[in-house]
Q: 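Got a structure here, written out as structure tokens. Questions coming.
These values consider heavy atoms only, across backbone and side chains, with no hydrogens, waters or symmetry-generated copies. None of the values given here were measured: they were computed from a predicted structure.
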Number of protein chains: 2
Amino acid sequence: MAEGPTINTIAERAGVSIASVSRVLNGLPTRQETVRKVLAAAEELGYVRNAVARSLKSRRTHQVAFAMADIGNPVYLAMVRQIQPVLKAAGYRLVLHSTDAIVADEIDVLHSLGERYVDGLIMSPLRVTNEHLKMIATARAPVVIIGSVPEGTRVDNVRADSRTGVRLAIDHLYELGRRRIGFVNGPLDTVPGAARAAAYGEALKERGLPYDEEIVEVGDFYRAEGARAARALLDRAPGVDALMCANDLIALGALDVLRAAGLRVPEDVAVVGMDDTDLAAASWPSLTSVSLGSAERGKAAAELLLDRLNDMDSQPRVVTVAPRLVIRASTAGEAAVLGVRGETSGETVNIPLQSKGGTP
Amino acid sequence: MAEGPTINTIAERAGVSIASVSRVLNGLPTRQETVRKVLAAAEELGYVRNAVARSLKSRRTHQVAFAMADIGNPVYLAMVRQIQPVLKAAGYRLVLHSTDAIVADEIDVLHSLGERYVDGLIMSPLRVTNEHLKMIATARAPVVIIGSVPEGTRVDNVRADSRTGVRLAIDHLYELGRRRIGFVNGPLDTVPGAARAAAYGEALKERGLPYDEEIVEVGDFYRAEGARAARALLDRAPGVDALMCANDLIALGALDVLRAAGLRVPEDVAVVGMDDTDLAAASWPSLTSVSLGSAERGKAAAELLLDRLNDMDSQPRVVTVAPRLVIRASTAGEAAVLGVRGETSGETVNIPLQSKGGTP
DNA sequence: GCCAGCACCGTAAACGTTTACAGCGAAAGT
DNA sequence: ACTTTCGCTGTAAACGTTTACGGTGCTGGC
């Protein structure tokens, strides 16, 4: 771990000035003889350019941050999986922040953009407060938000369409003959929670089903809370024949509860999740889920950010990713799943196959 | 995105020198009046310290890199989940690299340590070549390796114990009365592949079972390849009554194949995976899996690295994490799973519950 | 009244780059 | 032969911090 060589060391050994060394290393026009000497010296010394000094001068770190609510949630991981290669291809490194959905932590990340250790930020906040908006407006580096922001906010923005997503699910359940469709949601003060609640109400209305608050329960976006909420709902209203869940983790919790209660899925109760994470494809029974395009959103966000880094002055853009319904056993039964597998060999089964590499 | 204030701006406005500003901002003893003026100026200007300049001077970036073979593999994500909070608590940021298990890319990451944009590196290579070892020995920043390295390599090192892990699984299958236990492995030129192959042979011998290469198949560590390999094995040797799989993704592939072949799991063929990822708990049927302690290994690696950063001269350490067998439906049937769930409320079900946060 | 001691502060150098600018020698134009 | 041009190179400043060192003005002791 000896002190490494710098361009000074090279300059000395090659008998030239540091300016020449820098020019050679950056491929600027230089006499052939000088190039040779410098490269030889650099090679002998095992020189590696100091990225920190370079960043100080060039005001570019070639790093980008991604701030997510929870690194344990597969949704964010699906995003990271897409963001990373896009950035890598453009020569950027990815710095990860897990904020645990704590507003203060998110504000802190935004604030720390001023430290200039990254060139830009992709953030996916669960709640968007005024403080968020103020910080985004004055941020010292470009920001891309994954998730909805108030109309008129000047920021590059990638959105899902929960409304359509929920409708796809409710329509599917309706067509299967389900009429008492319960809803297990996450907190209403989160952006997705609020959007999905509204969408559920609308979708019922479109189908002429009554809104019954007895079969709606609010918990939180993780498995244990999903289980708790589903249990409460079932105790109160044993007659539900379907459960729409606001994400896959909630749906997995609901499956646990239904299994423990001796109810069959989907014969007695059909279950739909949301986000279409790896867990949906692998669950037991496999979970019908509304894909909100996490992968596509991650990719889009990375691309928006790269564009922004190349052109600071263009208008902010909004990208909306279309949802789609991935039908599996928890609504259509095992037969349907086998059918799907046979035909399309595809989507439902292949998603986790992206995974390469092994285990150390 | 205006040019931000620097300590010069503050010094000017507060009517003091930049040295005083720096002292105040770093909490060094200063007259009360000066402190007040500087802090007021900093506040008014919305000053944020430039991390790059600070790093250049202090030779510390407070960043740490984690290089994994594949960001899509849940094993590495389990590690990231543990590494991140440990580093965050110590004031470090996490930079992610996905090398796709390409040796050249891994060497490149090691090489780039010379750029000094991170203070240290955690790496989990699938294959360890001489080039790896050479680069590690001469690296310009401390490195922690997750995975086995040759005896005598001077590097902080966290290992799993595949040998014991495989034995746990084989013993379990033996006790269930299985006698023809097939093995679906990953590439033999990888560290885990080689270790697991050796362990499988030993475990059979201990139980007095013959080694039969007809029921051993080598594929790769992901689902599609696992499925391919399992299919080949079953075609060749229809009589197997259990499949030991070298990781969970392979096991999921095997489950796909068994289901398609109309074989019941575990009645006809019991299946064991390895790594105990989230997917194992969620799969269909839920998958008995050998946990090699990915989470613990990630945590241990982060702690080793932090210790090393605080003391560059101490002896390298090796931490070995003990494996354990998590029994689920793919060997013990559904009853057993319900049983376990009732009793311990625990391990088998709780693992994915760590997940907090929701979906944007 | 003089000097030592002290608390505080400013000047300047340093970290390792990039780059504007000027200098220099040689080839080319008048 | 004298300038102009040109290609190449070196000097030095700059990026925004931290910090060693010396200076200043004050207090207190003799």
Side-chain angles (χ1 to χ4, degrees), chain A residues 1-39 41-42 45-63 112-119 140-141, chain B residues 1-39 41-42 45-63 112-119 140-141:
Chain A
M1 239 135 300
E3 296 305 322
T6 71
I7 53 171
N8 286 290
T9 332
I10 297 184
E12 217 168 302
R13 172 177 292 232
V16 298
S17 74
I18 60 167
S20 288
V21 175
S22 178
R23 277 188 286 260
V24 170
L25 296 176
N26 288 305
L28 297 175
T30 316
R31 191 160 51 112
Q32 207 48 42
E33 169 66 6
T34 313
V35 172
R36 204 192 46 68
K37 281 192 296 187
V38 168
L39 290 183
L45 292 166
Y47 171 78
V48 183
R49 184 197 274 122
N50 184 314
V52 177
R54 166 173 252 220
S55 292
L56 178 58
K57 184 73 201 176
S58 68
R59 297 153 159 277
R60 281 272 181 149
T61 60
H62 295 280
Q63 294 196 147
S112 73
L113 285 183
E115 295 180 5
R116 308 218 140 274
Y117 69 96
V118 286
D119 295 339
R140 298 254 169 75
Chain B
M1 237 137 296
E3 295 305 320
T6 72
I7 53 172
N8 285 289
T9 330
I10 298 184
E12 217 168 301
R13 170 176 293 229
V16 299
S17 75
I18 61 167
S20 287
V21 175
S22 179
R23 275 188 289 259
V24 170
L25 295 176
N26 289 306
L28 297 175
T30 316
R31 190 159 52 111
Q32 206 50 41
E33 169 66 5
T34 313
V35 171
R36 204 191 44 68
K37 281 191 296 185
V38 168
L39 290 184
L45 292 165
Y47 172 78
V48 183
R49 184 195 273 122
N50 184 312
V52 177
R54 168 173 248 220
S55 292
L56 177 59
K57 183 72 196 166
S58 68
R59 297 153 158 277
R60 282 273 183 150
T61 61
H62 296 280
Q63 293 194 148
S112 74
L113 286 181
E115 295 180 4
R116 308 218 141 274
Y117 69 97
V118 287
D119 295 340
R140 298 255 169 75

Q: Rounding to 10°, can you tell me the angle the first-five-pair axis of the helix from dG1(C)-dC30(D) to dT30(C)-dA1(D) makes with its last-five-pair axis?
A: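 Both end axes considered, the difference amounts to 70°.
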Q: Identify the 5'-most and 3'-most nucleotides of DNA chain D with at least one atom closer than 4.0 Å to a non-hydrogen atom of chain A.
A: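 For DNA chain D, the relevant span reads dC8(D) to dG16(D).
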Q: If I compare all heavy atoms of I10(B) with all of A41(B), which pair ends up nearest, and what's the gap?
A: CG2-CB, 3.9 Å
Q: May I ask you to list the residues of residues 19-38 of chain A, by number, that have any heavy atom positioned under 4.0 Å from an atom of DNA chain C?
A: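 By residue number: A19(A), S22(A), N26(A).
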Q: Count the heavy atoms belonging to other residues, nucleotides or ligands that lie under 6.0 Å from CD of E12(B), then report whether that count exceeds 12.
A: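 Open.
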Q: Please name the pair of heavy atoms, one in V21(A) and one in V16(A), separated by the smallest distance, quoted to 0.1 Å.
A: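 So the two residues come closest at CG2-CG2, 3.8 Å.
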Q: Could you measure the distance from the CG atom of L56(A) to the OG1 atom of T61(A)? Nearest 0.5 Å is fine.
A: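 Nearest 0.5 Å value for the CG-OG1 distance: 12.0 Å.
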Q: Do Y117(B) and Q63(A) have side-chain heavy atoms sitting under 4.5 Å apart?
A: yes
Q: Could you report the tightest heavy-atom contact between V48(B) and G114(A), atom names first, then the distance?
A: CG1-C, 3.6 Å
Q: Can you name the residues that form a side chain to side chain donor-acceptor pair (under 3.5 Å) with N50(B), not counting sequence neighbours?
A: none
Q: Could you give the side-chain donor-acceptor pairs of residues 23-35 of chain B under 3.5 Å, partners two or more places apart or in another chain?
A:
unit_1 : atom_1 : unit_2 : atom_2 : d
N26(B) : OD1    : R49(B) : NH2    : 3.0
N26(B) : OD1    : R54(B) : NH2    : 3.0
N26(B) : ND2    : S22(B) : O      : 2.9
N26(B) : ND2    : S22(B) : OG     : 3.3
T30(B) : OG1    : L28(B) : O      : 2.7
E33(B) : OE2    : R36(B) : NH2    : 3.2

Q: Looking at every heavy atom in both S55(A) and V52(B), which two are closest together, and how far apart are they?
A: CB-CG1, 3.8 Å
Q: Could you tell me which non-hydrogen atom of G46(B) sits nearest to which non-hydrogen atom of R140(A), and how far apart they are?
A: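 The pair with the smallest heavy-atom distance is O-NH2, 3.2 Å.
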Q: Check L113(B) against A141(B) and note the closest heavy-atom contact, atom names and distance.
A: CD1-O, 4.0 Å
Q: Is there a residue in residues 46-55 of chain A whose heavy atoms reach under 4.0 Å of DNA chain D, and which residues are they?
A: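 Here the set is empty: none.
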